[in-house]
Protein chains: 2
Amino acid sequence: MYTMTTTTVERLVRSAQELLWERGYVGTSPKVLLERAGVGQGSMYHHFTGKADLAAAAIERSAAELREASDASLSGQGSPVARLRRYLLARREVLRGCRIGRLAYDPEVVADHTLRAPVKDTFDWLLRRLGEVVEEAQQAGELPATLDVRSTAATIVAVVQGGYVMARATGSSKSFSAAIDGLISLLEGSHPGGGTSSGPA
Amino acid sequence: MYTMTTTTVERLVRSAQELLWERGYVGTSPKVLLERAGVGQGSMYHHFTGKADLAAAAIERSAAELREASDASLSGQGSPVARLRRYLLARREVLRGCRIGRLAYDPEVVADHTLRAPVKDTFDWLLRRLGEVVEEAQQAGELPATLDVRSTAATIVAVVQGGYVMARATGSSKSFSAAIDGLISLLEGSHPGGGTSSGPA
DNA sequence: GTCTATAGTGTGATAGAC
DNA sequence: GTCTATCACACTATAGAC
């Protein structure tokens, strides 16, 4: 499935990332994974101790990729609220769901500390990072100082994660977009300045 | 696991409901399900055509229960915004996640129309019902008429669903509560009347 | 209507040739 | 370092006794 110049380990990890995203940990079998990677079983057990070990490597890679993509939206140029909008309106493969968030519903990921840690760390990081931007927005007068920073950050994360769940349940990305739009309206409506005049874009 | 006066079909459906909630469809095997129900394999294949058929009955029952519980919060006495608060602050087994929402991340539920339909229908119903209450709130002057009804309803559903995901990922119900609190603050902050005086109790 | 026995396939891991 | 062969066990379903 990948080019011949790609290493075996690389093919294994990428296949695991894809299948964990599509089917989760309990829904992914070594057989299907190896077929997708185009390698034999021996290679996997040479480089990893087993399914869980390979999954851990794949989850850690996906977590790092997600952090990088999120930080690209939340950092850099633009006012704090403009960066929050950029994060919320970033292009996403909505119907595939969140590759990290979906693992929170996988019983074996939640039960295994090694598999769960990168999932927890990703959410802890995202909540902290969004909290920083919310706080910047308050200091810039773009959001009311009365909003609790941590609660507001949690609401933002929840809308994105819940948007994915709704979209997959209804089979349409429209419910995702609606949830994001609703949140943006609420954030804009809470401007200290009041009215509808100071949209951040 | 259930009393002897419970019928075999009842025990099968309840066990399936529990396991689908805990482990999803791909993570649930007939063997474990039958052990929990305390019945033999023959009974299950007498009353149902197989795992998928039993799962369909269990999902439909869970969907009906969820609708009933949600409507109990959203209907009845109280102002529209008070009912929204009651819905958002209802007691929930947060760390178990949403028994219907979690199925949106199950690849075989999403792929099978019979399994997926009750999941989709539940979200469609909830979005519609929340939309009605949001509209009532606008007519009562509790929420600004500028808010889009469907978007606001989608945001409310998303915060609950995303709150579950965060809580399971972080291992703490605090992130769920924070997301709910953040949403309530945003809804209150968007009061047409403006300030902080008119909280709905 | 319930049970146990059995079947065929897949799972996750190991052994050992090359 | 990669492969195929093989293992013990679990999965989902069927058969047939009671």
For [X], which residues count as a side chain to side chain contact (heavy atoms under 4.5 Å, CB included) partner, sequence neighbours excluded?
X         : result
Ser70(B)  : Leu66(B), Tyr87(B), Trp125(B), Leu126(B)
Val26(A)  : Asp106(A), Pro107(A), Glu108(A), Arg23(B), Val26(B)
Glu35(B)  : Lys31(B)
Arg150(B) : Asp148(B)

Sorted by chain and residue number, the ring-ring contact (aromatic ring centres under 6.0 Å, His included) partners of Phe176(B) (sequence neighbours excluded) come out as Tyr164(B)
So the contacted stretch of DNA chain D, first to last nucleotide with an atom under 4.0 Å from a non-hydrogen atom of chain A, runs from dG1(D) to dA5(D)
Only distances under 3.5 Å count here; give the side-chain donor-acceptor pairs of residues 56-64 of chain B to other protein atoms, sequence neighbours excluded, each with its distance to 0.1 Å.
| from | atom 1 | to | atom 2 | distance (Å) |
| --- | --- | --- | --- | --- |
| Arg61(B) | NH1 | Glu10(B) | OE2 | 3.1 |
| Arg61(B) | NH2 | Glu10(B) | OE1 | 3.1 |
| Ser62(B) | OG | Gln17(B) | NE2 | 2.9 |
| Ser62(B) | OG | Ala58(B) | O | 3.3 |

Just distance, no hydrogens or angles: give the donor-acceptor pairs under 3.5 Å from side chains in residues 93-100 of chain A, sequence neighbours left out.
| from | atom 1 | to | atom 2 | distance (Å) |
| --- | --- | --- | --- | --- |
| Glu93(A) | OE1 | Arg96(A) | NH1 | 3.1 |
| Arg99(A) | NH1 | Glu65(A) | OE1 | 3.2 |

In short, side chain to side chain donor-acceptor pair (under 3.5 Å) pairs touching residues 47-57 of chain B with sequence neighbours left out are none
In plain terms, say whether Lys120(A) and Asp124(A) are close enough for a salt bridge, that is, a side-chain N and a carboxylate O under 4.0 Å apart.
->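 Judged by the 4.0 Å cut-off on N to carboxylate O distance, Lys120(A) and Asp124(A) do form a salt bridge.
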For residues 153-162 of chain B, dump all side-chain donor-acceptor pairs below 3.5 Å to protein atoms at least two apart in sequence or in another chain.
| from | atom 1 | to | atom 2 | distance (Å) |
| --- | --- | --- | --- | --- |
| Thr155(B) | OG1 | Ala179(A) | O | 2.7 |
| Thr155(B) | OG1 | Leu183(A) | N | 3.2 |
| Thr155(B) | OG1 | Ser151(B) | O | 3.0 |

- Query: Can you list the stems that include DNA chain C, where a stem is three or more consecutive Watson-Crick or G-U pairs with distances under 3.5 Å?
  - Reply: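 When the pairs of DNA chain C are grouped into runs of at least three, the stems are C:1-18 with D:1-18.
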N/O to N/O distances under 3.5 Å, protein versus nucleotides 11-14 of chain C:
| from | atom 1 | to | atom 2 | distance (Å) |
| --- | --- | --- | --- | --- |
| dT11(C) | OP1 | Ser29(A) | OG | 2.9 |
| dG12(C) | OP1 | Lys51(A) | NZ | 3.0 |
| dG12(C) | OP2 | Pro30(A) | N | 3.4 |
| dA13(C) | OP2 | Tyr45(A) | OH | 2.9 |
| dA13(C) | OP2 | Lys51(A) | N | 3.2 |
| dA13(C) | O5' | Tyr45(A) | OH | 3.4 |
| dA13(C) | N7 | Gln41(A) | NE2 | 3.1 |
| dA13(C) | N6 | Gln41(A) | OE1 | 2.7 |
| dA13(C) | N6 | Gln41(A) | NE2 | 3.2 |

